[in-house]
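As structure tokens, the structure follows; a few thoughts come after it.
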Amino acid sequence: MVRLAVLAASAAALTAAPVVVVAQQIFDVWSTTWDRTKLFTYTNLSPNPINFVSPGSTGAADISIDDTTVLQSMAGYGATLTDTSAQLLNTLKGQNSGNYNSILNSLFNPTDSSTGTAGLSYLRVPLGASDFSSSVYSFDDVSGDTSLNNFNIDNAPPYLFSVLKDIQAINPYLKVHLLPWSPPGWMKDSGTMKGGSFDSSYSTVYAKYLLKALQGFKNKGVTAYAIGIQNEPENNDSTYPTCLISADQEAQIGKTLRSLMDSNGFSSTRLIGYDHNWIDAGAYPVTLMNDASSSFAGVAFHCYQGSVSQQDSFHSAYPNKEIYFTECSGVYGTDWWTDIKWYMDNIFVGAAEHYASSGMMWTLALDGNGNPKLPGTDSCGTPCRPVVTINSDGSYSYNQEFYVMAQASKAILPKDTNGPFGKRIGVSVSGESAWALRVTAFVTARTNSADWLRYSLVVLNWCVNLDDSTNGSWDPTSVTATIEFRGQQATYTFPVGVTTLTWYAANQGHSRRDDELRFTEPSGNSSFVPAEKESEEPKLFRFRRHV
């Protein structure tokens, strides 16, 4: 039940009332602190909530929310369920079903009242082998089989579908994004899935292959939210499945695939292009849209080269196309707090700030050595770190990737069963300590138009100084900030770390359930970008790709 301190008024009176605020209160706070004394810790502020009151003096930082500026709908947060992630989880299921169920519940349970669960709702699933598979395979490895008579979805390991089914049982909102790391080798000049370039003469055959993959997953109980044509199409690595596909080739395949999808019951499944690094955001994905805009819903980005602000070059060219952020990986051995800051700045605040509808990490589960992975692959030379580490004895631990995603996910999950996900809204930060806070804001609509909307803030306080020191000493400092909303003001002291807080307010017609207009462009900057901040290039953060 939503806890509201509301002045007695009928729903009709609320609808007809002028823009005023009645006793909004912040009850719910989730925190992950720099020193790990709180790790996605929930605090219920009842019976002493934070009240929105008449404005007074502002705090060291002043967060101003503009809920008349409604931006992109959020699709969710998550990671990639590779073959070996599914293998580890499936092995754990037989070894210690209690731990298996606990992991899946903590990761994927989207229940609004569940305080310790992240509700991750977006999974990428490779179509065929990736660098985290036990062997190299496609769904049709018979050379020259242009009729695809030997296509077999069961070439994928059975535990992949078993784990997917268990995740779906926990999260009914789960969005599955299917994506191949390579076409079958016989469709390439190399003759192998490991590296090489796509042969354009197979464009129609490959589109039919991808349609069969959609159909195969649907027969397994998984109707894809989205599908892509090639992961990292500018990456050519001969040690694991990769493939060079030009923007022109991807456009041609996409046109055929979109037509096939529309005529075979997949008209609602999105076709998402590119799925590669920020650095080429103004080139490959723009060329792709120039050639096949009507076929693609949007594009996706990775973090391994470039900076998150480059997403804007694509958004400027195609403002009505969707943007997804779908991959980034840290490695074992880096600094926990430095990683938290980078992830929030660049992905879980930054990517959304630059119009992304998702924020995702790379592998969902690995062991403490970054295994298992494809024998002989050179990816993750320094072992990649997953969202959850599963040890050989059946024990497990969550990594920094889990905590940043959990903090963000709580802000956008549906408030009502089968209700809409949150949408990003305008927010800015001012004041002498504004540089210390990275902030994004969301509104979540309700299934009943008379119910109050949920508003959320996700805030990174990354300390007083950029190097987290004062005169050479460690000095983490909380920031007392005021929150301006609809002419009233609340005050909260943000500890060094990540904080998510929520409240409810009457629906004044700014948030809509439909997505007829995906973006409402702000009149100015919709979110504050610090004048001084850490470089957007990764520091103490080594990535698995060298592309």
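Heads up: numbering here begins at 1 and tracks the sequence.
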Taking ring pair (Phe, Tyr, Trp, His ring centres under 6.0 Å) as the definition, give me every residue that meets it alongside F296, ordered by chain and number, with sequence neighbours left out.
none

Who are the side-chain hydrogen bond (donor to acceptor under 3.5 Å, both in side chains) partners of S182, not counting sequence neighbours?
K188

Could you list the residues that satisfy side-chain hydrogen bond (donor to acceptor under 3.5 Å, both in side chains) with N99, not counting sequence neighbours?
none

Any pair with a residue in residues 133-144 that passes side-chain hydrogen bond (donor to acceptor under 3.5 Å, both in side chains), sequence neighbours left out, goes on the list, sorted by first then second residue, please.
D83-S133, D83-Y137, S138-D141

Results of ring pair (Phe, Tyr, Trp, His ring centres under 6.0 Å) for F139 - residues two or more places apart only
F151

What pairs meet the salt bridge (Lys or Arg N to Asp or Glu O under 4.0 Å) rule with one or both residues in residues 259-269, with sequence neighbours excluded?
R258-D262

CA sep, side-chain torsions, deciding dist, call: Q95, Y100, side chain to side chain donor-acceptor pair (under 3.5 Å):
CA-CA 9 Å; Q95 180 184 22; Y100 173 79; over 6 Å; no

Taking only residues two or more places apart in sequence or in another chain, which ones pass salt bridge (charged side-chain N to carboxylate O under 4.0 Å, His left out) with K93?
D166

D199: side-chain hydrogen bond (donor to acceptor under 3.5 Å, both in side chains) partners, not counting sequence neighbours:
S201

State whether K410 and D28 are salt-bridged, where the test is any N-O pair (Lys NZ or Arg NE/NH1/NH2 against Asp/Glu carboxylate O) under 4.0 Å.
no

Non-neighbouring partners of F314 that pass ring pair (Phe, Tyr, Trp, His ring centres under 6.0 Å), sequence neighbours left out
none

For Y284, what residues pass the ring pair (Phe, Tyr, Trp, His ring centres under 6.0 Å) criterion, not counting sequence neighbours?
Y274

Sequence neighbours left out, what passes side-chain hydrogen bond (donor to acceptor under 3.5 Å, both in side chains) with D237? Give chain and number order.
T239

Going by salt bridge (charged side-chain N to carboxylate O under 4.0 Å, His left out), name the residues that satisfy it together with D154, two or more places apart in sequence or in a different chain.
K220

